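Everything quoted here is computed from the prediction, not taken from an experiment. In this chain, numbering begins with 1 at the start of the sequence shown.
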Amino acid sequence: MNAEHQAITRGPRAYLSFIGIGLLAGLLSGLFGVGGGTVIVPLLVLLLSFGQRISAGTSLAAIVPTASVGVISYAISGSVAWIPALILAAGAVVGAQIGSRLLPRVSQNALRWGFVVFLIVVIVSLFLVIPSRAAEFELGWLNGVALVAVGVVTGVIAGLIGVGGGVIIVPVLMLGFGTSDLVAKGTSLLMMIPTAVSGTIGNLRHRNVDLVAAALIGVSACTTTALGAWLATRIDPFAGNILFAAYLVVIAVQMALKALRSRRR
């Protein structure tokens with residue numbers, strides 16, 4: 001067991017925090033089609049003094065059951081593109097390996113600022129392009145190759161700066177591939193499952209997962225993921241874009257603050 005893990009204390013406050021983090025992460029996961037890592041990781045660090053590595057590994061493990069419930073919820077309404085999701089996942093798994101190897105050679109600060117710029121472009125686009133709920137994903141050779149490329153790039157970014165795939169995949173599917181917002185979210189959640197399983201296996205080998213925390217967060221998240229997915233179907237697409245844009249603003253601010261702190265050091 002590593003030093004980070006040994007430093008983690010247990011008690012009623014910790015267990016209640018795990019449950020609360022899971023409830024919030026599950027709701028946002030279902031509502032936006034994201035894994036919830038952008039909520040889980042900072043809250044574990046801030047509330048419970050988890051190390052960054054343990055937080056990321058625990059979050060990835062908790063995403064597996066959360067995303068699974070989300071996929072089922074979206075699949076009930078036919079809002080999952082199964083083959084495209086698997087293509088994206090295959091690309092992301094390869095990309096994550098590339099990203100982890102590039103990590104020592106690339107400036108993380110430059111990457112963070114680049115990602116902030118990407119998020120700003122997406123946020124602006126969400127107010128200009130309103131997805132149609134009637135839109136269907138027609139898979140062909142051209143967009144199949146594009147999906148592989150998107151998956152690889154997403155995996156590389158995840159490996160380099162630890163940002164989950166949903167934040168990239170959902171807007172790219174809506175704005176670049178013309179899918180409905182619901183299909184984008186359901187497909188994003190499905191592609192996360194094999195990616196999260198692969199990452200969790202590696203993290204378990206290196207003891208970078210707090211299994212108790214991951215189980216409590218994951219089970220708690222499962223209770224609100226379906227609610228988030230249901231809310232997504234009830235919200236008008238433009239209102240959904242505004243909420244997603246607000247969520248991306250929070251992530252962009254988080255990333256910018258990390259870049260500024262790193263520069264000061």
Side-chain angles (χ1 to χ4, degrees), residues 25 28-30 32-41 53 56-71 74-75 79-103 106 108 111-112 114-115 118-119 122 137 139 141-177 179 183-206 208-209 214 218 225 244 248 251 255:
L28 295 177
S29 179
F32 298 131
V34 298
T38 49
V39 174
I40 297 169
V41 173
R53 204 169 289 173
T58 301
S59 170
L60 202 60
I63 283 169
V64 177
T66 309
S68 300
V69 171
V71 168
Y74 278 98
S79 299
V80 179
W82 299 91
I83 302 301
L86 296 177
I87 294 172
L88 286 166
V93 169
V94 173
Q97 299 302 315
I98 297 170
S100 60
R101 292 185 182 184
L102 289 174
L103 190 57
V106 180
Q108 276 209 311
L111 281 165
R112 283 172 182 147
F115 192 69
F118 165 76
L119 289 177
V122 169
F137 194 103
L139 184 61
W141 284 106
L142 192 59
N143 59 9
V145 171
L147 284 171
V148 173
V150 169
V152 170
V153 170
T154 301
V156 169
I157 293 172
L160 286 171
I161 57 177
V163 174
V167 175
I168 302 169
I169 295 298
V170 172
V172 167
L173 287 179
M174 286 195 298
L175 304 173
F177 290 82
T179 64
V183 170
K185 292 168 185 177
T187 303
S188 168
L189 287 168
L190 177 57
M191 70 81 65
M192 279 179 209
I193 297 172
T195 311
V197 168
S198 172
T200 298
I201 290 169
N203 283 326
L204 284 170
R205 287 196 193 117
H206 294 97
N208 285 330
V209 181
T225 304
F244 190 51
L248 294 182
I251 296 168
M255 197 62 62

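Put simply, the side chain of N143 reaches to within 4.5 Å of the side chain of F137, judged on heavy atoms. Considering only heavy atoms from C-beta on, V34 stays 4.5 Å or farther from S188 through its side chain. Looking at L139 and L147, their side chains come closer than 4.5 Å, going by heavy atoms from C-beta outward. Considering only heavy atoms from C-beta on, M191 stays 4.5 Å or farther from L86 through its side chain.
Residues meeting the side chain to side chain contact (heavy atoms under 4.5 Å, CB included) test with A75, sequence neighbours left out: V80, W82. By the ring pair (Phe, Tyr, Trp, His ring centres under 6.0 Å) test, F32 is found to be paired with F244, Y247, residues two or more places apart in sequence or in another chain being considered. In this structure, the side chain to side chain contact (heavy atoms under 4.5 Å, CB included) partners of V122, at least two apart in sequence or on a different chain, are F118, L126, P171, L175, L248. Residues meeting the side chain to side chain donor-acceptor pair (under 3.5 Å) test with T195, sequence neighbours left out: none. With sequence neighbours left out, A96 forms a side chain to side chain contact (heavy atoms under 4.5 Å, CB included) with no residue at all.
T200 places a side-chain N or O within 3.5 Å of a backbone atom of A196 that can act as its donor or acceptor partner. Between the side chain of Y74 and the backbone N or O of V69 there is no donor-acceptor pair closer than 3.5 Å. Here the side chain of T179 pairs a donor or acceptor atom with the backbone of L173 at under 3.5 angstrom. T187 places a side-chain N or O within 3.5 Å of a backbone atom of A81 that can act as its donor or acceptor partner.
Here the closest heavy-atom approach between residue V71 and residue G186 is recorded as CG2-O, 4.2 Å. Closest approach of S198 and V93 over heavy atoms only: OG-CG1, 4.3 Å. Closest heavy-atom contact between A85 and L190: CB-CD2, 3.5 Å. Contact record, P194 with A89: CG-CB, 3.5 Å, taken as the closest heavy-atom pair. For the pair G35 and M192, the tightest heavy-atom approach, listed with the atom from each and the gap, is N-CE, 3.2 Å.
With rounding to the nearest 0.5 Å, the separation of OG1 in T154 from CG in L88 is 7.0 Å. Between atom CG of residue L28 and atom OG1 of residue T225 there is a gap of 9.5 Å, rounded to the nearest 0.5 Å. Interatomic distance, CE of M255 versus OG1 of T38, reported as 9.0 Å (0.5 Å rounding).
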Please report, to 0.1 Å, the donor-acceptor pairs under 3.5 Å made by any side chain of residues 57-64, with sequence neighbours excluded.
residue	atom	partner	partner atom	Å
T58	OG1	I54	O	2.7
T58	OG1	D210	N	3.0

